[in-house]
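Below: the structure, in structure tokens.
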Number of protein chains: 2
Amino acid sequence: MKTKPQDAGASPAGAGLGTRERVVRAASRLFQRQGYEGTGIKLIAQEAEATLGSVYHFFPDGKEGLAVAAIQHGDREFAEMLSSGLAGSDDPAEAVENCARTLATALRESDWAEGCPVTATALETLGRSPSIQQACLEALRNWQAVLAAKFRAGGFDAEEAEELACTVLSALEGAEVTSQVFRSETPLLTTGRRMAQLIRSRS
Amino acid sequence: MKTKPQDAGASPAGAGLGTRERVVRAASRLFQRQGYEGTGIKLIAQEAEATLGSVYHFFPDGKEGLAVAAIQHGDREFAEMLSSGLAGSDDPAEAVENCARTLATALRESDWAEGCPVTATALETLGRSPSIQQACLEALRNWQAVLAAKFRAGGFDAEEAEELACTVLSALEGAEVTSQVFRSETPLLTTGRRMAQLIRSRS
DNA sequence: TACTTGGTAGAGCGATCGTTCTAAAGGCTG
DNA sequence: CAGCCTTTAGAACGATCGCTCTACCAAGTA
């Protein structure tokens, strides 16, 4: 069906997409900005220009199922951001520093509100929602794999690539939070530069 | 007054402390474990073995004021943890690695539930509660200062000490989240080892 | 004894939460 | 056209939210 007419005019975001996709995107962005518990389903529906009925039609498991889909969306989104940030250089050190710059710019442009799309939800639901935790775990694994691939391509052996990927991912995650709290690009930029130094220190 | 009788038997936690202190500690631990929005004031009162009336007596500003006090408590608590973790060695690299081990052990012993006491609350309230955000900012600054002092004592000049402190703090924060999601000490331990490598790489 | 002060106790308020439910409209196939 | 299935629409439910309010209790002072 799709009942496409929907909205023809200038809509806030996600015009032209199916209802389900609009709901997922709205949920992902809201969870990212204000956490899982702090975001009501009615607000998500409103922001997505959908109705409560639609939300529960596509996500019969309710908020938890919607959150899983939102996390998976954030996973893909952030993985793309990492990839495009890394793509600028073949040197892993340069690539990571450039990646941190990309993240810092995006963070500032969202007025420090849109950091990592899973951290807030992950921390709130740890040990209380296995399905959400699983989705967060897969996201982190995915991002680490993206970094590890870059390091292997840069000449590191598999084990060291994995360890560096784990370290760099943790550092970027933490620096993103720090930058949000400080409302400053500095923590991300500094961390990016020092991660580059680390990568170069034994390559 | 203090109406000390309170509870004489074996109580869950914080027996013998004043009501206000018990409430702050319960709030800090609950915010740390399940976030700000996901924690109700009634639960905090119950966990602290206090009543709603007592909570609002000591915190007339309500949940937000209580959260500020809880963050400040978490600030002191985590600063002590950092300090004691760093105290094991005069070599900054060794000290940081040891610190990561301390954090990893504590995290595992809490069944991966008690990570950084401010991250969850900070992310949920960013840009929506200036007083809470300010308290989180001061906590991060405080912890960074603890690390920077260690680096200066280890022979780094002020500027490099500050940059390394920013990087190491971000990395530890991120690694703590990663360890929680993975339910594994590995991310914290790996990050600690690599941070030691970074510190040694140009000292 | 009477009065004050600092803290305890919890019923109850309006608002909002996640969820369920019924009804109906849109577009396809027969 | 009728029949069907997907999707939209939103009223309504019980539970819980943060918070206010009044009453009460225990010690200190006069």
Side-chain angles (χ1 to χ4, degrees), chain A residues 1-8 11 14-27 30-31 34-70 120-121 124-125 128-129 131-132, chain B residues 1-8 11 14-27 30-31 34-70 120-121 124-125 128-129 131-132:
Chain A
M1 307 301 142
K2 279 293 134 67
T3 52
K4 37 328 179 348
Q6 269 306 126
D7 53 291
S11 82
L17 284 71
T19 303
R20 194 196 134 101
E21 186 65 16
R22 287 203 317 279
V23 169
V24 169
R25 293 189 184 207
L30 284 168
F31 288 156
Q34 41 185 342
Y36 178 73
E37 300 283 359
T39 303
I41 294 208
K42 285 171 186 174
L43 176 62
I44 294 173
Q46 180 185 322
E47 205 83 357
E49 302 195 65
T51 66
L52 215 45
S54 299
V55 174
Y56 278 94
H57 169 74
F58 289 110
F59 301 96
D61 290 344
K63 199 181 185 182
E64 195 168 341
L66 172 54
V68 169
T121 302
E124 282 179 279
T125 61
R128 307 201 298 158
S129 167
S131 59
I132 296 180
Chain B
M1 303 298 137
K2 280 292 135 69
T3 51
K4 34 336 180 349
Q6 267 308 124
D7 53 291
S11 83
L17 283 71
T19 304
R20 194 197 134 101
E21 186 66 16
R22 288 204 315 280
V23 169
V24 170
R25 292 188 185 207
L30 284 168
F31 288 156
Q34 41 184 342
Y36 178 74
E37 301 282 359
T39 303
I41 293 208
K42 284 172 185 171
L43 176 61
I44 294 173
Q46 180 185 322
E47 206 83 357
E49 302 195 65
T51 66
L52 211 49
S54 299
V55 173
Y56 278 94
H57 171 74
F58 288 110
F59 301 96
D61 289 343
K63 198 182 187 183
E64 195 168 341
L66 172 53
V68 169
T121 302
E124 283 179 279
T125 61
R128 307 201 298 158
S129 166
S131 59
I132 296 180

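Quick caveat: nothing in here was measured; it's all calculated off a predicted structure.
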Exercise. Quick one: which of dT8(C), dT6(D), dC19(D) gets closest to the side chain of Thr19(B)?
Worked result: dT8(C)

Problem set entry | Rounded distance [0.5 Å steps], CG in Leu52(A) versus NZ in Lys42(A) | 6.5 Å

Exercise. When all nucleic acid strands are considered with a 4.0 Å heavy-atom cut-off, which category describes Gly53(A): base, sugar-phosphate, or nothing?
Worked result: base

Exercise. Distance from Glu37(A) atom CD to Gln34(B) atom CD, nearest 0.5 Å?
Worked result: 8.0 Å

Exercise. Can you check the His57(A) NE2 to dT19(C) P distance for me, whole Å?
Worked result: 17 Å

Exercise. Under a 4.5 Å cut-off applied to non-hydrogen side-chain atoms, are Val23(A) and Phe58(A) in contact?
Worked result: no

For this session: Would you indicate what Leu52(A) reaches in the nucleic acid, counting non-hydrogen atoms under 4.0 angstrom: base, sugar-phosphate, or nothing?
Result: base

For this session: Can you tell me the distance, in whole Å, between the CD atom of Gln46(B) and the C1' atom of dG10(C)?
Result: 14 Å

Seminar exercise, completed: Tyr36(B) atom OH is separated from dC17(D) atom P, nearest whole Å, by 14 Å

Seminar exercise, completed: Rounded to whole Å, OH of Tyr56(B) lies from C1' of dT20(D) at a distance of 9 Å

Exercise. With respect to the phosphate group of dT8(D), does any side-chain polar atom (N or O) of Ser54(A) fall under 4.0 Å of OP1 or OP2?
Worked result: yes

Exercise. Under 4.0 Å between a side-chain N or O of Thr51(A) and OP1 or OP2 of dG10(D)?
Worked result: no

Seminar exercise, completed: Between NZ of Lys63(B) and P of dC19(D) the distance, given in whole Å, is 8 Å

Problem set entry | Shortest side-chain distance from Phe58(B), nucleotide among dC19(D), dT8(D), dG7(C) | dG7(C)

For this session: Using atom NZ of Lys42(A) as one end and atom C1' of dG18(C) as the other, report the distance to the nearest whole Å.
Result: 8 Å

Problem set entry | Rounded distance in Å - CG (Leu43(A)) to C1' (dT19(C)) | 17 Å

Problem set entry | Atom pair distance, as rounded to whole Å: CD1 in Ile41(A) and P in dC17(C) | 10 Å

Problem set entry | Flag, side chain of Glu47(B) to backbone of Ala26(B), donor-acceptor distance under 3.5 Å | no

Exercise. Side chain to side chain contact (heavy atoms under 4.5 Å, CB included) with Lys63(A): which of Ile41(A), Val68(A), Val55(A)?
Worked result: Ile41(A)

Exercise. With sugar-phosphate meaning primed atoms plus P, OP1 and OP2, does Gly62(B) contact a base, only sugar-phosphate, or nothing at under 4.0 Å between heavy atoms?
Worked result: sugar-phosphate

